[in-house]
K.L.:
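One structure coming up, written as structure tokens, with questions to follow.
In what follows, every chain begins at residue 1, and chains take the letters A, B, ... in the order their sequences are listed. None of these values were measured; they are calculated from a predicted model.
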Amino acid sequence: MSAIAVQVNHYLTWSPAKIKAFRQTLLTWYDQNGRDLPWRRNQEPYHILISEIMLQQTQVQTVIPYYHNFLQHFPTVQALAAAPEEELLQVWSGLGYYSRARHLQQAAQQIVQDYGGVWPQTAAGLADLSGVGPYTAGAIASISFKEAVPAVDGNAFRVFARLLEIDLDIAKPQTRSIFAAIIQQIIDPDRPGDFNQAIMDLGASYLTAKNSDPAHSPVRDFDASWQAGTYEDYPVKTKKAKPVVQQYYVLALHTPSGWLLSQRSSRELLARLWLFPLLAVAKINDTKPAASSGVTEQPIVLPPAAFKKALTTIQLQKIQVEFQELTGIAVVWRDPTLKIVKHVFTHRQWQLKILTGELTTTPSLALFPGKWFTEADLTNGAIPTVQRKIMQELSQNN
DNA sequence: GAGGCGTGGGC
DNA sequence: TGCCCAAGCCT
């Protein structure tokens, strides 16, 4: 017997009759209490794909307006495949994890160009699409094509960890295949899409991560951790590291043509989006001589009080020099506020001190890959939330 | 396999 | 406030 089969037998002790009863109970509850969500109105694989990608690590109520707007802009897989990247990122602006948008478009291009517009109809085939992993492939295959495969997301991990008291660490990649094999035995082969979505609704209602209510869950009779009083111990999940602090000066230059923004490179955080130029605080405040041995020094992080303090004339001059070397533009920078804008990503925390500069004529951008943004451009552009937050701080400061 | 990758909400 | 969480995938 394979190692996975051993694990399945260890955790899944339900009889065939109990499995049948579970399906019946779950789907009866789902038929009466399932959520009415926009992407549940039909089973178009294009619609399901869009919703599933947007829902990755993102809450339902956040996704709903983006889902409608996205389909308005790109009604078909052909339209998405042909869209300019700039428009794609505009429509995705604010939703986060922007590589999802680029992979989604690549998937659309695969469908149109490689498959002649014909969708793969199995999870294995769908998983070849860019940005489609095991969860999303299972979701589309089961919902759109009725393949009896599990869709193992955070809800499925949590629900089945509690029902079966599975004490495997769900943060470890190898755990997924155990859960998938267990759920494969339980999934309703006649209604796999509804089964998977019912598990998600269960995980979003009675069996939530916090403040769960297993006592009133429709499947409480199948819930071993509820009966044992151990449900708060499941699922087992190791913690991730805290975000690293990074400090930057934000160089907000305004001219008659608007604000100067630069496009982030493809390799850095917020890739391909537009943001005020940033200057690492370490570059201005590191007074040590350059490392002679080629050893990379630890980036310095100023204590909060020092970072908040008004900039000295020397610091402002150094910033002016750095900005001029970068862009060819001479600007006298002002430090109009003692506030720090904080923005937290999954693995980094940015602390930002905003500097402003004003020019009465628009300089040339020959040296610098930047663009002038009017207020309207900022509203509609491919702009990350941190840029909108900075703009809000600037307008409050006026 | 561990780390990179956004944002908003809840307590 | 700081932390965890929310329909993960890619490298």
K.L.:
Any side-chain heavy atom of A:V219 within less than 4.5 Å of one from A:Y206?
P.N.:
no
K.L.:
Among C:dA7, C:dG8, B:dT7, which nucleotide sits nearest the side chain of A:N155?
P.N.:
C:dA7
K.L.:
Counting the benzene-type ring for Trp, do A:F345 and A:H343 have ring centres under 6.0 Å apart?
P.N.:
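Yes: the rings meet the under 6.0 Å criterion.
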K.L.:
Which comes earlier along DNA chain B counting from the 5' end, the contact point of A:H343 or that of A:K210, where each point is its nearest nucleotide?
P.N.:
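Counting from the 5' end, the first nearest nucleotide belongs to A:H343.
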K.L.:
With a 4.0 Å cut-off on heavy atoms, is A:T208 in touch with a base, just the backbone sugar-phosphate, or nothing at all?
P.N.:
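Nothing: the residue A:T208, judged by heavy atoms under 4.0 Å, touches no strand.
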K.L.:
Does A:R348 place a side-chain N or O at less than 4.0 Å from the phosphate oxygens OP1/OP2 of B:dG4?
P.N.:
no
K.L.:
Judged by each residue's nearest nucleotide on DNA chain C, which is more toward the 5′ side, A:E52 or A:L129?
P.N.:
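Residue closer to the 5' terminus by nearest nucleotide: A:E52.
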K.L.:
Assign A:Q174 to base, sugar-phosphate, or nothing according to its heavy-atom contacts below 4.0 angstrom with the strands shown.
P.N.:
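The residue A:Q174 makes sugar-phosphate contact but no base contact.
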K.L.:
Could you tell me whether the side chains of A:T230 and A:D233 share a donor-acceptor contact shorter than 3.5 Å?
P.N.:
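No donor-acceptor contact under 3.5 Å links the two side chains.
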K.L.:
Report yes if a side-chain nitrogen or oxygen of A:Q57 is closer than 4.0 Å to either non-bridging phosphate oxygen (OP1 or OP2) of C:dG8; otherwise report no.
P.N.:
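Yes, within the criterion.
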K.L.:
Would you say the side chain of A:R100 and the base of C:dA7 hold a donor-acceptor pair, judged only by whether the two atoms sit under 3.5 Å apart?
P.N.:
no
K.L.:
When the distance from OH of A:Y97 to P of C:dA7 is rounded to whole Å, what number comes out?
P.N.:
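Result: 13 Å.
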K.L.:
What is the nucleic acid contact for A:L269, judged by heavy atoms within less than 4.0 Å: base, sugar-phosphate only, or nothing?
P.N.:
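If one applies the 4.0 Å heavy-atom cut-off, A:L269 turns out to touch the sugar-phosphate alone, with no base involved.
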K.L.:
Choosing from B:dG8, C:dA7, C:dC9, which nucleotide comes nearest the side chain of A:L37?
P.N.:
C:dA7
K.L.:
Does the plane of the ring in A:F22 sit parallel, tilted or perpendicular to the ring in A:F222? Use 30° and 60° as the thresholds.
P.N.:
perpendicular
K.L.:
Nearest whole angstrom, please: distance from the P of B:dT7 to the CG of A:L89.
P.N.:
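These atoms are roughly 12 Å apart.
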K.L.:
Think A:T136 has a side-chain N or O under 4.0 angstrom from the OP1 or OP2 of C:dC9?
P.N.:
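So the side-chain polar atoms of A:T136 do come within 4.0 Å of the phosphate oxygens OP1 or OP2 of C:dC9, strictly under.
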K.L.:
Using a heavy-atom cut-off of 4.0 Å across all strands, would you classify A:R35 as base, sugar-phosphate, or nothing?
P.N.:
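Contact class for A:R35: base.
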K.L.:
NA contact type, A:A209, heavy-atom cut-off 4.0 Å: base, sugar-phosphate, or nothing?
P.N.:
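The residue A:A209 makes sugar-phosphate contact but no base contact.
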K.L.:
Expressed in whole Å, how much space separates the C1' atoms belonging to B:dG1 and C:dG8?
P.N.:
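The answer is 16 Å between these two C1' atoms.
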K.L.:
Mind checking whether A:Y67 and A:L37 have side chains closer than 4.5 Å, heavy atoms only?
P.N.:
no
K.L.:
So what does A:T385 touch, heavy atoms closer than 4.0 Å: a base, only the sugar-phosphate, or nothing?
P.N.:
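A:T385: backbone/sugar contact only, no base atoms under 4.0 Å.
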K.L.:
So which nucleotide from C:dC3, C:dC10, C:dC9 ends up closest to the side chain of A:K242?
P.N.:
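Selected nucleotide (nearest to the side chain): C:dC3.
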K.L.:
What class does the angle between the rings of A:Y248 and A:W350 fall in, given that below 30° is parallel, 30 to 60° is tilted and above 60° is perpendicular?
P.N.:
perpendicular
K.L.:
Have a look at A:R272 and say if it touches a base, only the backbone sugar-phosphate, or nothing, with a 4.0 Å heavy-atom cut-off.
P.N.:
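Nothing: the residue A:R272, judged by heavy atoms under 4.0 Å, touches no strand.
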K.L.:
C:dA6 phosphate, OP1 or OP2: any side-chain N/O from A:R158 under 4.0 angstrom?
P.N.:
yes
K.L.:
At 4.0 Å (heavy atoms only), tell me whether A:W39 reaches a base, stays on the sugar-phosphate, or touches nothing.
P.N.:
base
K.L.:
Rounded to the Å, how far apart are A:F345 CZ and C:dG2 C1'?
P.N.:
17 Å
K.L.:
Among C:dC10, B:dG9, C:dG8, which is the nearest nucleotide to the side chain of A:Q56?
P.N.:
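Side chain of A:Q56 sits closest to C:dG8.
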K.L.:
Checking all strands, does A:N196 fall into the base, sugar-phosphate, or nothing category for heavy-atom contacts under 4.0 angstrom?
P.N.:
nothing
K.L.:
Rounded to the nearest angstrom, tell me the gap between atom CG in A:L55 and atom C1' in C:dC9.
P.N.:
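Interatomic distance, CG of A:L55 to C1' of C:dC9: 15 Å.
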K.L.:
In whole Å, what is the span from the CG atom of A:L95 to the P atom of C:dG8?
P.N.:
13 Å
K.L.:
Any side-chain N or O of A:Y98 under 4.0 Å from OP1/OP2 of B:dT7?
P.N.:
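Affirmative; the distance criterion is met.
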K.L.:
Starting at CD of A:Q105 and ending at C1' of C:dC9, how long is that distance when rounded to a whole Å?
P.N.:
18 Å
K.L.:
NZ of A:K239 versus C1' of B:dG3: gap in Å, rounded?
P.N.:
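So the NZ-C1' distance, A:K239 to B:dG3, works out to 19 Å.
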K.L.:
Within the 4.0 Å heavy-atom criterion, would you say A:V60 contacts the bases, only the backbone, or no part of the nucleic acid?
P.N.:
base
K.L.:
Can you confirm whether A:F323 sits close enough to A:L279 that some side-chain heavy atom of one is under 4.5 Å from a side-chain heavy atom of the other?
P.N.:
no
K.L.:
Measuring to OP1 and OP2 of B:dG3, would you say a side-chain N or O of A:H347 lies under 4.0 angstrom away?
P.N.:
no
